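Structure record follows, encoded as structure tokens.
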There are 2 protein chains.
Amino acid sequence: MNIMNGESLATTGLSELEREVIELFIRMADVLNLPRSVGEIYGLLFISSAPLCLDDCRIRLNISKGSTSQGLKILRSFGAIRTVYIPGDRKDYYLAETSLRKIASGFAGEQVRPHVDGGKERIERIRELLEEHGSAEREMIEDKIDLLENWQKRAGKILPLILKLIGG
Amino acid sequence: MNIMNGESLATTGLSELEREVIELFIRMADVLNLPRSVGEIYGLLFISSAPLCLDDCRIRLNISKGSTSQGLKILRSFGAIRTVYIPGDRKDYYLAETSLRKIASGFAGEQVRPHVDGGKERIERIRELLEEHGSAEREMIEDKIDLLENWQKRAGKILPLILKLIGG
DNA sequence: CATTTTGTTCAGTAATTAATGAACATTATG
DNA sequence: CATAATGTTCATTAATTACTGAACAAAATG
């Protein structure tokens, strides 16, 4: 186990290096609109040499069972972590996925694509509303909706390209 | 002005079409981690045929002066709106910028780049911490930090490419 | 089949984030 | 220069979001 180094109880068990790495991922989580705890868990798994189970994460990060369970679920949902089976142990163990391509495409599919698709539906709805509109402003509005649709389509096409750029 | 159509007072002044467009931008704001009111204001300006002033936005969206002022400030900060001077009027009027290239590059520069740069600094700090580390785990950790740095650098290079893809 | 281990769910609470509006600047107007 | 118009700031409040922990599966163990 870890050698204690005279730090406060709250951070016991995490080296300064670990804390720094975890904080990096907390910031990333923030940018990606994910809960802080998700960043913490991923960070811990990322820097860990061995796979960790739910209780390892919970104890070392000092967060609740519920948050840990939820966080692992989210990370699994877009493939940022992998489950490792350890023979003779009932617990699930986790390892951070380190292929940026895999993580990014999982994230795109689970957390981004739904929004893009939702936007598409909404634009269709807006087009319908446009039917019931006086012709004075109508043409001008139609141009704006065209523009919106254009953005929408570009977003849909660029997303896969970004993944290509990331992935190799 | 707008023809009233027997709706609740709270939404008076916004046609269903306007409300739908605004809601689209509220969702976008959410994805981009911007306050809802920022999405509302941009949406209103986007669909408006004429430039609007602070009070126009405030009244039509039924939000406070403070939020409106703040929202316009944020939108100006990354070039999502432009100021229009109307002769003989002391008020500032605003128009939505409709060049996706301009908005995206403004957003990247103001809201994304700082995070990427912050990450770079943190990785440097982590490298320093690595110096004071036992050699048992050290090599393994070093590999991970290399990986992190690699991600970091890729992010920095991909960002401009994305803007190229968007911009044309 | 009772008990233990492991993990999930979710109602309640805490923490965070955004919105409000009054006080304050700043500039124009008469 | 007093008053009005316009916009900003920021302490307070409201709304949202994340976290907690106890209750609840589900499955393994003895």
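Naming convention: chains lettered A, B, ... in sequence-line order (proteins, then strands); numbering from 1 in each chain. Quick caveat: nothing in here was measured; it's all calculated off a predicted structure.
Between B:Ile63 atom CD1 and C:dA18 atom C1' there is a gap of 11 Å when expressed in whole angstrom units. The CG-C1' distance, from B:Leu34 to D:dT16, rounds to 16 Å in whole Å. The separation between B:Asn62 atom CG and C:dG21 atom C1' is 14 Å, rounded to whole Å. The interatomic distance linking A:Lys65 (NZ) with D:dC24 (C1') rounds to 10 Å, in whole Å. The nearest whole Å value for the distance from the CG atom in A:Leu54 to the P atom in C:dT9 is 12 Å. A:Asp56 has its CG atom 16 Å from the P atom of C:dT5, to the nearest Å. Protein atom CD of B:Gln70 is 16 Å distant from nucleotide atom P of C:dG21, rounded to whole Å. Atom C1' of nucleotide C:dT16 and atom CG of B:Asp30 are separated by 15 Å, given to the nearest angstrom.
The residue among A:Asp89 and A:Lys73 whose nearest nucleotide of DNA chain C is located toward the 5' end is A:Asp89. Position along DNA chain D of the nearest nucleotide to A:Glu40 versus B:Leu72 favours B:Leu72 as the more 5'-ward residue. Nearer the 5' end of DNA chain D, as judged by each residue's closest nucleotide, is the contact made by A:Pro35, out of A:Arg90 and A:Pro35.
The two residues B:Arg138 and B:His133 make their nearest non-hydrogen contact at CD-O, 3.8 Å.
For B:Ser64, whose side chain is taken as the heavy atoms from C-beta onward, the closest listed nucleotide among C:dG21, D:dC19, D:dT6 is C:dG21.
Ring centers of A:Phe46 and A:Phe25: under 6.0 Å apart, within the cut-off.
Atom-to-atom distance recorded for B:Ile141:CD1 and B:Leu147:CG is 13.5 Å, nearest 0.5 angstrom.
Taking the charged nitrogens against the carboxylate oxygens, A:Arg127 and A:Glu149 do have a contact shorter than 4.0 Å, which makes a salt bridge.
Nucleic acid contact for A:Asp55: none, since no nucleic acid atom lies under 4.0 Å from a heavy atom of the residue.
Side-chain contact between A:Ile47 and A:Tyr42: absent, with no pair of heavy atoms (C-beta onward) separated by less than 4.5 Å.
When the side-chain nitrogen and oxygen atoms of B:Ser37 are compared with OP1 and OP2 of C:dA19, one or more of them lie within a distance under 4.0 Å. When the side-chain nitrogen and oxygen atoms of A:Arg76 are compared with OP1 and OP2 of C:dT8, one or more of them lie within a distance under 4.0 Å.
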